[in-house]
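Notes follow once the structure below has been shown.
Proteins get letters first, then strands, A, B, ... in listed order; numbering begins at 1 in each.
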Amino acid sequence: MLKEKLSAQNAAAIIIIIQISNNIIFGFSSLHDGSGVWLSLIVGVPIFFALMGMYARMVFLLPGKNIFQMTQYVFGRTVGIIVSVLFAFYFITLAGMIRGNYTQFVHLVLLSQTPYIVICLAFFCVCTYIAKSGVQVLGKWCKLMTLGAFVAVAAMVLASLHQADLQNLLPVNNRSLKELIPDSLNYLSLPFGETVLLLSMTDRLEEKSNPYKIFIFGTLISIPLLVVVLMQNIAVLGETLAANSYYPFYKAASVIRMGSIDTRIESVVSFALMLVGISKVAVAVTAGCEAVSSVFNLNNGNALIIPISFLTVAFSVIILRTTMETSDFVNIYRIYALPFQVIIPAAVWIGAEIKTKSGKGCIGS
Amino acid sequence: MLVFVIVTLFFAVILFADIFADRKSKKQFLIKLLFACAGYLILSLACFDIYVPSPLKPIEYMIKMYFNP
């Protein structure tokens, strides 16, 4: 059976979606770094690029393989299966968490009378349809959604210009570099480490595509977008309100008044961003299916999408029950996700380097 | 109760339109059935407000115990 191919552009779009989706709408609300929160993000750029470089290097050393096949190739079948089981658990719970975040958002600010599970099931239909359409369609959809996110953020920033008070961004920094670096490491697991989701689809990348370009370009696009969103949130809401809001971007959108022409712009913006979130859930579900099909040695991971997506609906109901719980869980998630985002990929990368150096590996692309 | 009915309808559609309709191999069929049934069981319990522990709870306790984030 011929596998669908993922073009470099579509892969980069998936990376952008993974990195921006939750973080635009939830705006790093759990971080209380003060007005210089965006500076921590900029300080961490070398670390984020190092992580992306590691992912890209893995794909470059072992082309035509996804993370599960890479692990099996480097460490053997038994370890490979154990790692696939762990990744399957991580991806499925991650899909549940992301869907849960968006459901909570919709339930809290838009459809408070609609039962939570019903909103989850509505999301399930859309996410499953996108994921079931295949990696190629998913990539194209992500490309479209990246454009949508850009338009939404640009519209928001332009519309809020006269509500923004640049004084809120001051002082730019009142911390030493020693304090800034640990803060910037906080961003490693939450938006950037989740790029590991794409590693489950790298077996579908076109042969001629350069993994370095894909990972670096995707991150290069999403970092300025996140910085702009953070700065806009703080400029419009002020440091205290932005730090204490669960959805600062939505709150910042709700204060926009463009004379008598347009009010309630937040509903349009949040709709666009929800579509972006749906794309990320579809990516996570696809990754989960690839992991499960790797565990059970099935040829077609796409066939598992509907039941696994249904399970993620159940997980989104039981994992994070309230918005407060979600906000508190962020600190735990940073530690929970570290083995999947950094430790296992680093071990696979080192193993792949050793295998390639000893002449047993396959280098190329 | 209405939510439970909706969940059951979704499960029925998944069961008949995907799991039974697309039986390529026995292994694949059983895996699909397992995931769908697990999802249905959790959702049914959640519909009646019966507490179902999160699969991340043990990890959460462990992280809190050792790292105290």
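Looking at A:V317 and B:I42, their side chains never come closer than 4.5 Å, going by heavy atoms from C-beta outward. Side chains of B:L33 and A:P307 form no contact here, defined as non-hydrogen atoms less than 4.5 Å apart.
By the 6.0 Å contact criterion, OH on B:Y61 is open, its count of non-hydrogen atoms from other residues, nucleotides or ligands being 12 or less. Around atom OH of B:Y66, no more than 12 heavy atoms belonging to other residues, nucleotides or ligands sit under 6.0 Å away.
Residue contact with chain A, scored on non-hydrogen atoms closer than 4.5 Å, involves the side chain of B:I59 exclusively. Only the side chain of A:L298 comes within less than 4.5 Å of a heavy atom of chain B; its backbone N, CA, C and O stay farther away. Residue A:C120: no heavy atom, backbone or side chain, is found under 4.5 Å from chain B. With a 4.5 Å cut-off on non-hydrogen atoms, B:C47 touches chain A through its backbone and its side chain both. Only the side chain of A:F89 comes within less than 4.5 Å of a heavy atom in chain B; its backbone stays farther off. Contacts between A:Y116 and chain B at a heavy-atom distance below 4.5 Å are absent for every atom of the residue.
Residues B:Y40 and A:F310 approach most closely at N-CE2, 3.5 Å, considering heavy atoms. Heavy atoms only, all atoms of each residue included: A:F296 and B:K27 are closest at O-NZ, 2.6 Å. Residue A:A303 comes nearest to B:K32 through the heavy atom pair O-CE, 3.2 Å, listed as atom of the first residue, atom of the second, then distance. Between B:G39 and A:A314, the shortest heavy-atom distance links the atoms O-CB, 3.6 Å. When all heavy atoms are compared, the tightest approach of A:I318 to B:P53 is CD1-O, 3.7 Å.
Contact count against chain B (heavy-atom pairs under 4.5 Å) is highest for A:I308 among A:T128, A:I308, A:I92. Among A:N297, A:T312, A:I117, the residue with the largest count of heavy-atom pairs under 4.5 Å with chain B is A:I117. Here A:L311 is the residue among A:V118, A:V313, A:L311, A:L304 with the most heavy-atom pairs under 4.5 Å with chain B.
In this structure, A:I332 CD1 and B:I63 CD1 are separated by 6.5 Å, a value rounded to the nearest 0.5 Å. Between the CD1 atom of A:I335 and the CZ atom of B:F67 there is a distance of 6.0 Å, given to the nearest 0.5 Å. Remark: A:I306 CD1 to B:F35 CZ distance equals 14.5 Å, nearest 0.5 Å.
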